[in-house]
Amino acid sequence: MFAYVVRRIGLGFLVLILAISSLYILVQAAPGDPASAMLGPRATPAIKEAFRERLGLDQPLPVQIVKYLWSVAQGDLGTDLKSKQPVWNTLAIHLPRTIELLAAAIVIAAGFGIPLGCMAAVRRNSAFDRIVGVLSVSIIAVPAVVIAIYGMLIFSAGLGWLPAIGAGEDGGILSILHHLILPAIAVGIGWVGYLARLVRASMIEVLSANYIRNARAFGLKERWIIYRYALRIAVAPTVTVLGIGVGIMLGSAVFAEIVFARPGIGKLMYDAVILRNYPVTLGAVLAATLILIVSTTLSDILNAIIDPRFKESGE
Amino acid sequence: MTQPAIDSPAAAPQTRGGFWRLLRDPMGAVGLTIVVALILSAVFAPWLAPYDPAAINVPIKLQPPSWDHWLGTDQLGRDVLSRALYGGQIALGVALVSTCLAVGIGMILGMAAGFGPRWLDNIIVLSFDTVRAYPVIILALAVGPIFGAGIVTIIGILVATSIPYYGRIVRTSIISAAKSEYVEALLAMGMSRTRIVVRHILPNIIGPILILASMDIPTFIAAEAGLSFLGVGVKPPTSSWGLILDDGYKFIRQTSWLVIAGSVPLILATLGFTFLGEALRDTFDPKLRKEV
């Protein structure tokens, strides 16, 4: 197990280095001169040259990449062109809001999706199972941006039940939660359907396993068998799926943050892109990529811990 | 999936029967109807659209639906129905081209990784892992403006980020097929690796890959609309469901019709293709259900 954890973290680290390097190359390979793009059309050749020299853009690409990786490792992501503050300071304000949103979305997805999938599997082929099946597929298909806008249209602009903008950071915890409801639903509701289907399929497979039949033969209570033995195995794939799904959720979070004018990585990037604030844009992509790599690595390790079969095989 | 290609002729009658089974599945029938209707409306948009989708007529801006403008008008007085019909061309076009390219390139790289030398496999798999490390929408938001917003950029981003998905599936299938006895026999008979992959392994994995690809179409449609909504996709005056949605969001306090006009075709398209993809998978390859 220890060897697997070390190997998995090592792979995550390697992928992070490659991802940062690739992003740097991609930005450099883009058509047009970054100095012209950042300084605008009025910049003179001398100013552009000084700018290139200051950023190290006049050096060979491998040197630039190593220097960039080194500065990222030291937490130096450049300077926010708008606030003139280090990019890291800007990210530190917005990142917790996005993590808060993702966490709330995962709570909604797991809180509704896992019980629904479990109940559908236990009542296989019943009307409940069919309704959950159709609703799951339908809800997966609706894009997060549409759910966010309809949420705002109905519950904020129409009924006035929930706030339309902001994250409620000036109020107390209740205000934050109040502001979190609609964006979290927009990000997480599709995953309710996805997890319900996944858990259903997984539970059906587990419930037909020999050890469950044995548990029944020993006269254990059905409720005990389902929740203590079957569901524990059946939820293992959801951990992996949620880990990988964080990437898609980050995309949905961009829409939710923009629609609800909510501070976060997505909103920060959107504003930075409009202002051509490249250091912030790159910093935000790196932060999002880091979140995704950490979540996939953690989910793989968690999956190994949850699933007892993993411990036995060691793979 | 890993049976020799010699069995493949038997699949033909099953496919014909499968089509009727697909239609008998309510989800399949609904999905197919929506998809066919959307394709027809997109193909015949120039004849179906009552107005030029880019024709500005400010005096009649933000009108609710009427006999003259069935879905109303936007903030520039453009006919929303015409824009929605032409938006279908963009959505379906981007999804189709992205899917074909992602599947094609993913298959080539997957085959190279699965049946090529170990070092090539390692490089390709590591590249796949690196690309998958980026959250797609966030990467698109950053890279889109650098390369210039537009259809080509959207397709490029969608293809680049989807290749690893197909590549990995093909690689796994090929590695699994390579261990089978019939491949060992063909190798022993002196057949080249390329010929074995193209003639014997590929025909067995192409079906499931195409079904998975059909299930990815709604993701591409939603991504195009989403990126256009964010301003890094299709640029005005070209019409896109995402742009209509963006207009609707900006003028949400004045009218809700724009949001409805932009979202309903988008929801229908994603639902239709999802239903069809699910039914296709259940009908032609139920084994995939578990793998997905």
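If you're wondering where the values come from, they're calculated on a predicted model, not measured in any experiment. Just so we're on the same page: letters track the sequence lines, and every chain starts at 1. Computed over heavy atoms, backbone and side chain alike; hydrogens, waters and symmetry mates excluded.
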| said: Just checking A:Leu14: does its CG atom have more than 12 heavy atoms from other residues, nucleotides or ligands closer to it than 6.0 angstrom? | reply: yes

| field | Minimum-distance pair of heavy atoms, taken over all atoms of A:Gly251 and B:Ile137 | value | CA-CB, 3.6 Å

| remark: side chain to side chain contact (heavy atoms under 4.5 Å, CB included) filter on A:Pro263, not counting sequence neighbours, yields A:His94, A:Arg97, A:Ala167, A:Glu169

| said: On a heavy-atom basis, which atom in B:Thr130 and which in A:Val15 lie closest, and how many Å separate them? | reply: CA-CG1, 4.0 Å

| field | Heavy-atom contact with chain B under 4.5 Å, split by part of A:Leu282 | value | neither

| query | Which atoms of A:Val246 come close to chain B, meaning under 4.5 Å heavy atom to heavy atom: side chain ones, backbone ones, both, or neither? | reply | neither

| Which one of A:Val285, A:Thr296, A:Val259 has the most heavy-atom pairs closer than 4.5 Å to chain B? | A:Val259

| request: May I have all residue pairs that pass salt bridge (Lys or Arg N to Asp or Glu O under 4.0 Å) and include part of residues 131-158 of chain B, sequence neighbours excluded? | output: none

| field | Contact class of A:Met152 relative to chain B, heavy atoms under 4.5 angstrom | value | side chain

| Close side-chain approach of B:Leu266 and A:Pro143, heavy atoms under 4.5 Å | yes

| request: Please flag which part of A:Tyr270 lies under 4.5 Å from any non-hydrogen atom of chain B: side chain, backbone, both or neither. | output: both

| note | Nearest heavy-atom contact between B:Thr270 and A:Ala141 is OG1-O, 3.0 Å

| query | Less than 4.5 Å apart, any side-chain heavy atom of B:Phe229 and any of A:Val146? | reply | no

| said: Within the structure provided, determine whether A:Tyr150 and B:Ile260 are in side-chain contact (heavy-atom separation under 4.5 Å). | reply: yes

| request: Using a 4.5 Å cut-off on heavy atoms from C-beta on, say whether the side chain of B:Tyr249 contacts that of A:Val145. | output: no

| field | Side-chain heavy-atom pair A:Val137, B:Phe275 within 4.5 angstrom cut-off | value | yes

| At a heavy-atom separation under 4.5 Å, does B:Leu230 approach chain A through its side chain, its backbone, both, or neither? | both

| note | All heavy atoms of A:Thr289 vs all of B:Pro135, minimum pair found to be OG1-CD, 3.9 Å

| remark: Output for pair (A:Ile265 CD1, B:Ile138 CD1), nearest 0.5 Å, gives 7.0 Å

| request: Sort out for me which of B:Gly231, B:Ser263, B:Ala222 touches chain A most, counting heavy-atom pairs under 4.5 Å. | output: B:Ser263

| request: Output the option from B:Leu141, B:Ile267, B:Thr274, B:Leu271 having the highest count of non-hydrogen pairs under 4.5 Å with chain A. | output: B:Leu141

| field | Derivation of the side-chain contact (heavy atoms from CB on, under 4.5 Å) call for A:Leu250 and B:Val136 | value | CA-CA 9 Å; A:Leu250 274 166; B:Val136 180; over 6 Å; no

| field | Reported OG-to-CD1 distance for the pair B:Ser256 and A:Ile154, which is rounded to 0.5 angstrom | value | 10.0 Å

| For the atom pair CD1 (A:Ile149) and CG (B:Leu245), what is the distance rounded to the nearest 0.5 Å? | 4.0 Å

| Given the options A:Gly266, A:Ala157, A:Ser22, A:Ala253, which has more heavy-atom pairs under 4.5 Å with chain B than any of the others? | A:Ser22

| query | Counting distance only, does the side-chain N/O of B:Tyr134 pair as donor-acceptor with the main-chain N or O of A:Leu23 below 3.5 Å? | reply | yes

| Residue, of A:Ile293, A:Leu153, A:Thr281, A:Val142, that accumulates the most heavy atom pairs under 4.5 Å with chain B | A:Leu153

| query | chain A heavy atoms under 4.5 Å from B:Val143: which part of the residue, side chain, backbone, both or neither? | reply | side chain

